[in-house]
Amino acid sequence: MTTSAPSKNYADDVSLLVVTLDTNPFFWSSFPFHFSEFLSQVLAFLNSILLLGQLNQVVVIATGCNSCSYVYDSASDKNHASTNGTMPAIYSNLLHNLDEFVAKDQQLTTPHHKPGTIPSSLLSGALSMALCYIQRAFRSGPMHPQPRILCLQGSTDGPEQYVAIMNAIFSAQRSVVPVDSCFIGSNNSAFLQQASYITGGIYYRPPQMEGLFQYLSTVFATDLHSREFLRLPKSLGVDFRASCFCHKQTIDMGYVCSVCLSIFCEHHDKCSTCR
Amino acid sequence: EDEDEANGLEAWERAYTEDRSWESLQEDESGLLRPIDTTAIHHAQYRRRLRATARIQKGLIRYLYIVVDLSKAASERDFRPSRMAVIAKQVELFIREFFDQNPLSHVGLVTTKDGVANCLTDLGGSPESHIKALMGKLECSGDASLQNALELVHSNLNQIPSYGHREVLILYSALSTCDPGDLMETIQKCKKSKIRCSVIGLAAEMFICKHLCQETGGTYSVALDESHFKELILEHSPPPPAIAEYATANLIKMGFPQRAAEGSVAICTCHEEAKTGGGYTCPRCKVRVCELPTECRVCGLTLISSPHLARSYHHLFPIVPFAEISPSQNDPNHSFPNTCFGCQQSLLSQGNKAELSVSCPKCKQQFCLDCDMYIHESLHNCPGCESFR
């Protein structure tokens with residue numbers, strides 16, 4: 001389902017990696033692996049991307065429960081000043097911004113969600129911001145870096161985000177931007193599987209969180225040009241069947257309204273959504 | 001006119017008395033020419049397009065015939081290398097864009113030359129087959145026949161189901177038409193069958209084309225050059241406004257096939273040869289098809305996958321146009337964000353002056369002009385609205 005890439009002028013071994021980092025506190029509080037250990041492995045991975053090539057760029061967007069925001073941009077000039085000597089500048093900058101973001105995100109929490117359900121993180125917002133940033137990279141000139149998106153996600157899919165995520169996926173497919181997903185939650189994420197399949201990225205669930213850095217650096221670190229020489233995890237069958245609007249069950253055959261495209265499993269005389 | 005002649009100016013010189021385009025060139029520090037910033041011009045054009053497409057119901061299931069004029073006039077060389085070559089290239093781009101935006105629709109090709117019209121491809125769903133058929137038949141001769149083309153299209157479109165929107169796009173290079181009967185009658189027939197005919201002319205404006213489009217509710221435009229032609233033809237790829245009679249909803253039976261297991265061998269119905277792995281299984285008759293969307297050749301069921309439906313959702317749930325914020329409205333004491341919310345680009349030009357920017361009326365976040373165009377033309381999500389619960 002991938003479209004053929006139009007010929008573009010880029011340096012094929014220079015990457016722009018935009019990472020969406022799931023910081024949903026409701027997910028992390030119930031997950032056995034601790035967020036700080038997860039973050040230390042991710043930071044080491046991001047640093048290794050910057051070490052692979054001098055021109056590589058890394059941008060990190062935090063995906064919160066109530067908001068999303070940029071927390072790190074390796075090309076920005078606001079970075080290089082603050083290093084307190086005990087850790088590389090990338091770590092201290094990112095951690096500082098992440099702290100601020102998590103505090104602000106917590107303040108925005110309103111007790112609206114149903115008790116017993118874990119609210120999802122705003123993946124559609126993070127993907128939209130990532131795509132806008134990538135468009136800006138395309139505008140920067142003929143020798144722009146090769147962009148891709150990596151979603152580090154653990155929260156479950158929010159069904160209310162379906163349309164927005166599909167819009168983002170189709171736009172990424174049109175701009176030839178692969179969306180990789182490293183999903184750490186319990187069940188597979190259907191949204192991210194579709195995203196990676198449609199855009200030509202990789203979907204992978206690491207079997208052991210302790211070795212996360214190894215999985216990240218072997219599967220997700222290579223630039224797009226070199227990926228053809230590696231044996232990367234193949235995508236398993238992605239289920240593209242739709243769910244009916246009345247019972248929310250996946251169906252093989254259904255009835256689609258010609259005006260509003262709602263899907264029903266039984267024939268009705270009138271479409272209930274249009275009425 | 002007498003005054004200008006008295007000034008001794010020729011007509012071509014008069015054009016340059018007001019428009020001194022060379023004065024907008026600037027040099028940077030090293031003496032090289034700075035590229036002219038055309039963002040503001042593109043943005044103005046995009047905003048005009050946005051205002052034109054109001055929030056009205058659109059016809060999503062379209063059956064479109066493209067009529068390509070291959071008469072002697074198509075071999076004229078005023079479009080380089082020839083009108084026919086430009087038409088073929090743009091039709092290929094258009095067909096790909098059309099299937100991208102309207103995955104549930106069908107396209108058919110008709111050519112007209114030597115006074116007759118021939119059906120090149122039937123109303124089918126695969127872009128490759130249409131493009132291949134067109135590229136193989138690029139010879140022009142004789143006269144174009146508008147009536148024969150319309151009669152052919154009319155008889156074919158009468159067979160399609162009632163919920164589909166019937167459309168014709170005529171790419172006309174000739175300045176005349178060679179018809180066996182009364183063209184006005186044919187136009188009335190098309191109007192009665194609710195076929196929406198649009199014409200893009202490459203030569204000059206013709207009354208008969210204008211009349212045809214006015215009667216059937218289509219659009220008529222004449223291309224000035226290659227890039228204008230491309231713009232005009234791509235305007236037909238988003239769905240047009242729906243006709244009131246078709247606004248009643250019908251429920252169409254469709255199948256959602258699953259991918260066949262890796263390593264399974266079956267004879268596919270599209271190529272009629274044995275294939276391994278990949279492919280999809282029709283849920284009703286269990287035959288194998290190679291790609292989606294398509295119609296099962298055995299049982300006639302429309303086969304699609306949920307992303308194909310999702311491609312059309314942005315027509316049903318469009319995002320609101322952003323409001324312009326002119327730099328003078330910005331109070332320096334106001335909390336005016338310096339960076340675009342989407343791409344983090346600075347909203348201040350050199351010298352810390354505020355440039356033109358836009359903001360979303362719902363979430364009040366501010367965006368640069370490039371993000372505005374990208375969001376409304378390709379992404380169809382407002383990052384600000386999606387990033388706040």
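Chain letters run A, B, ... following the sequence lines, proteins first, then strands; residues in each count from 1. These numbers come from a predicted model, not from an experiment.
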Minimal non-hydrogen separation, [X] against [Y], with atom names:
| X | Y | value |
| --- | --- | --- |
| Gly255(B) | Met253(A) | CA-CG, 4.0 Å |
| Asn381(B) | Ala168(A) | ND2-N, 4.0 Å |
| Ser312(B) | Leu261(A) | CB-CD1, 3.5 Å |
| Met254(B) | Val256(A) | SD-CG2, 3.9 Å |
| Leu122(A) | Phe388(B) | CD1-N, 4.0 Å |

Donor-acceptor pair, side chain of Tyr313(B) and main chain of Ala164(A), under 3.5 angstrom:
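Flag not set: sc Tyr313(B) to bb Ala164(A) has no pair under 3.5 Å.
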Ser387(B) and its side-chain contact (heavy atoms from CB on, under 4.5 Å) partner, picked from Ser124(A), Ser128(A), Cys68(A):
Cys68(A)
Any carboxylate oxygen within less than 4.0 angstrom of a Lys/Arg side-chain nitrogen, looking at Glu97(B) and Arg174(A)?
yes
Is the closest basic N to carboxylate O distance between Asp370(B) and Arg139(A) below 4.0 Å?
yes
Under 4.5 Å from any heavy atom of chain A - which part of [X]:
| X | value |
| --- | --- |
| Leu301(B) | side chain |
| Arg284(B) | both |
| Phe341(B) | both |

Between Gln161(A) and chain B, which part of the residue has a heavy atom less than 4.5 Å away: side chain, backbone, both or neither?
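Interface part for Gln161(A): neither.
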Please classify the contact of Met166(A) with chain B as side chain, backbone, both or neither, using a heavy-atom distance under 4.5 Å.
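When you check distances to chain B, only side chain atoms of Met166(A) fall under 4.5 Å.
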Side chains of Phe317(B) and Val163(A): closer than 4.5 Å at any heavy-atom pair?
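Contact flag for Phe317(B)/Val163(A) side chains = yes.
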